[in-house]
Amino acid sequence: MMKQKLLKRTALTLSLLLLTVSLTGCAGTLVKNTSGKTNTPSTSNEQTIPDNTQSEQYTPPENEMDFPGSYTVPEGWVKVEKYSTKDKTFYVEEDHKDDELPDNISIEVGTNRYSADEHEKFRDAILRQLTMQLQGVDGELTGDGTYTEQDYILYIFTISETDVETKQYYIVGDHRYCLIQLTNFTGSESVGETAQAMADSFVWD
């Protein structure tokens with residue numbers, strides 16, 4: 001059983017290893033996600049940060065969003081109330097919440113036409129959308145396929161530019177997905193580990 005799972009993970013990873021798309025043109029700052037909105041919260045106004053920073057399993061309340069799952073927020077990361085909405089929640093490191101351009105992680109869920117068994121079609125649709133959005137951006141788009149610790153299919157798209165790296169973690173569900181997006185300005189490896197840990201902790205209801 002363990003050998004089968006390992007082979008399955010390897011096959012999924014290999015299916016995306018050849019994906020490397022160079023995106024050249026006018027240089028710009030990439031902060032886009034698949035909805036076309038910026039994923040970098042402005043810090044021009046005061047932020048309201050909750051006091052609780054302990055690592056815990058988090059299920060948003062009904063009045064915040066209809067969120068069909070739960071995930072762990074690692075210790076030291078706090079929700080940015082000012083920029084979070086009922087559809088998307090932003091997190092930053094507590095020690096950097098006043099930075100002009102803090103590394104940040106957002107999480108949201110959405111629906112699509114694809115069943116979990118059609119995950120490759122979903123992957124290809126996301127790839128086409130990203131390629132269109134990134135026209136004219138000087139950077140590189142790469143992809144990877146694997147599984148979360150909960151054994152959900154996970155596609156990771158990385159957009160690398162000179163001054164920022166964006167990673168999109170798509171957790172595949174049946175006609176739905178969870179998107180965890182990391183915008184990394186500092187190049188910190190620990191920030192990437194945090195985003196990966198959130199993806200690995202995610203559980204569909």
Side-chain angles (χ1 to χ4, degrees), residues 9 13 30-35 37-43 46-110 142-160 163-173 176-205:
R9 289 174 185 267
T13 302
L30 175 69
V31 290
K32 293 180 182 177
N33 59 32
T34 55
S35 65
K37 299 176 183 176
T38 181
N39 194 38
T40 306
S42 167
T43 55
E46 184 180 355
Q47 299 174 356
T48 304
I49 301 294
D51 294 332
N52 183 8
T53 61
Q54 297 300 310
S55 177
E56 60 181 342
Q57 196 72 8
Y58 177 70
T59 303
E62 290 182 5
N63 62 353
E64 182 176 314
M65 63 166 67
D66 184 17
F67 198 88
S70 60
Y71 54 92
T72 299
V73 180
E75 185 174 356
W77 283 76
V78 292
K79 177 183 173 184
V80 184
E81 297 279 2
K82 180 174 181 61
Y83 301 105
S84 297
T85 68
K86 68 182 183 67
D87 298 316
K88 182 186 295 188
T89 304
F90 282 92
Y91 296 95
V92 299
E93 287 184 280
E94 185 178 29
D95 293 342
H96 295 281
K97 62 180 183 286
D98 295 322
D99 292 358
E100 183 179 0
L101 290 174
D103 296 337
N104 62 88
I105 298 172
S106 67
I107 184 167
E108 61 186 297
V109 294
T142 58
D144 192 14
T146 184
Y147 288 79
T148 72
E149 289 185 359
Q150 313 304 322
D151 212 30
Y152 300 130
I153 291 170
L154 174 67
Y155 285 112
I156 305 170
F157 294 96
T158 303
I159 303 100
S160 301
D163 54 355
V164 63
E165 180 179 82
T166 304
K167 278 184 178 284
Q168 294 186 340
Y169 300 78
Y170 283 92
I171 303 168
V172 178
R176 60 183 180 175
Y177 64 89
C178 174
L179 168 59
I180 297 175
Q181 178 161 307
L182 163 65
T183 305
N184 190 340
F185 292 101
T186 66
S188 168
E189 290 185 10
S190 65
V191 173
E193 292 169 359
T194 297
Q196 181 68 54
M198 289 177 68
D200 280 329
S201 72
F202 180 81
V203 178
W204 291 108
D205 285 346

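Note that this is a predicted model, so its numbers are computed, not measured.
Thr146 contributes atom OG1, which lies 10.0 Å from atom CD of Glu149 (distance to the nearest 0.5 angstrom). Here the NZ-OG1 distance, from Lys167 to Thr158, works out to 3.0 Å after rounding to the nearest 0.5 Å. Distance check: Ser188 OG to Phe185 CZ gives 13.5 Å after rounding to the nearest 0.5 Å. Between the CH2 atom in Trp204 and the CZ atom in Arg176 there is a gap of 5.0 Å [rounded to 0.5 Å]. For the atom pair CG (Leu154) and CG (Asp151), the distance works out to 11.5 Å, reported to the nearest 0.5 Å. To the nearest 0.5 Å, atoms CD (Gln196) and OG1 (Thr194) are separated by 10.5 Å.
Pro68 and Val109 make their closest contact through CD-CG2, 3.6 Å (heavy atoms, listed as atom of the first residue, atom of the second, distance). Contact between Tyr71 and Tyr91 at its shortest, heavy atoms only, is OH-OH, 2.7 Å. The shortest heavy-atom contact between Leu182 and Gly192 is CD2-CA, 3.7 Å. Closest approach of Ser84 and Val80 over heavy atoms only: OG-O, 2.7 Å. Nearest heavy atoms, Ile180 versus Met198: CD1-C, 3.8 Å. Thr148 and Ala199 make their closest contact through CG2-O, 3.7 Å (heavy atoms, listed as atom of the first residue, atom of the second, distance).
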side-chain contact (heavy atoms from CB on, under 4.5 Å), that's the test. Do Leu179 and Tyr169 meet it? Break it down for me.
CA-CA 6 Å; Leu179 168 59; Tyr169 300 78; 5.7 Å; no
Test side-chain contact (heavy atoms from CB on, under 4.5 Å) on Thr89 and Lys79; report intermediate values, then the result.
CA-CA 7 Å; Thr89 304; Lys79 177 183 173 184; 3.7 Å; yes
Asn104 vs Phe90, test: side-chain contact (heavy atoms from CB on, under 4.5 Å). Steps then yes/no.
CA-CA 7 Å; Asn104 62 88; Phe90 282 92; 3.9 Å; yes
Applying side-chain contact (heavy atoms from CB on, under 4.5 Å) to Thr85 and Glu108, what does each step give before you reach the verdict?
CA-CA 10 Å; Thr85 68; Glu108 61 186 297; over 6 Å; no
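Between Ile153 and Tyr147, some side-chain heavy-atom pair lies under the 4.5 Å cut-off. Taking the side chain as every heavy atom from C-beta outward, Ile171 and Tyr152 approach each other to under 4.5 Å. When side chains are defined from C-beta on, Thr183 counts as touching Gln181, because their heavy atoms get closer than 4.5 Å. Counting heavy atoms from C-beta outward, Thr142 and Ser160 have side chains that stay 4.5 Å or more apart. Using a 4.5 Å heavy-atom threshold, the side chains of Thr166 and Asn184 count as separate.
Thr186 and Asp103 form a side-chain donor-acceptor contact under 3.5 Å, judged by distance and modelled atom types alone. Side-chain atoms of Ser106 and Lys88 include no donor-acceptor pair closer than 3.5 Å.
By the side chain to side chain contact (heavy atoms under 4.5 Å, CB included) test, Glu93 pairs with Trp77, His96, Val191, sequence neighbours left out.
Ring geometry, Tyr170 versus Phe157: the interplanar angle exceeds 60°, so the pair is classed perpendicular (tilted spans 30 to 60°).
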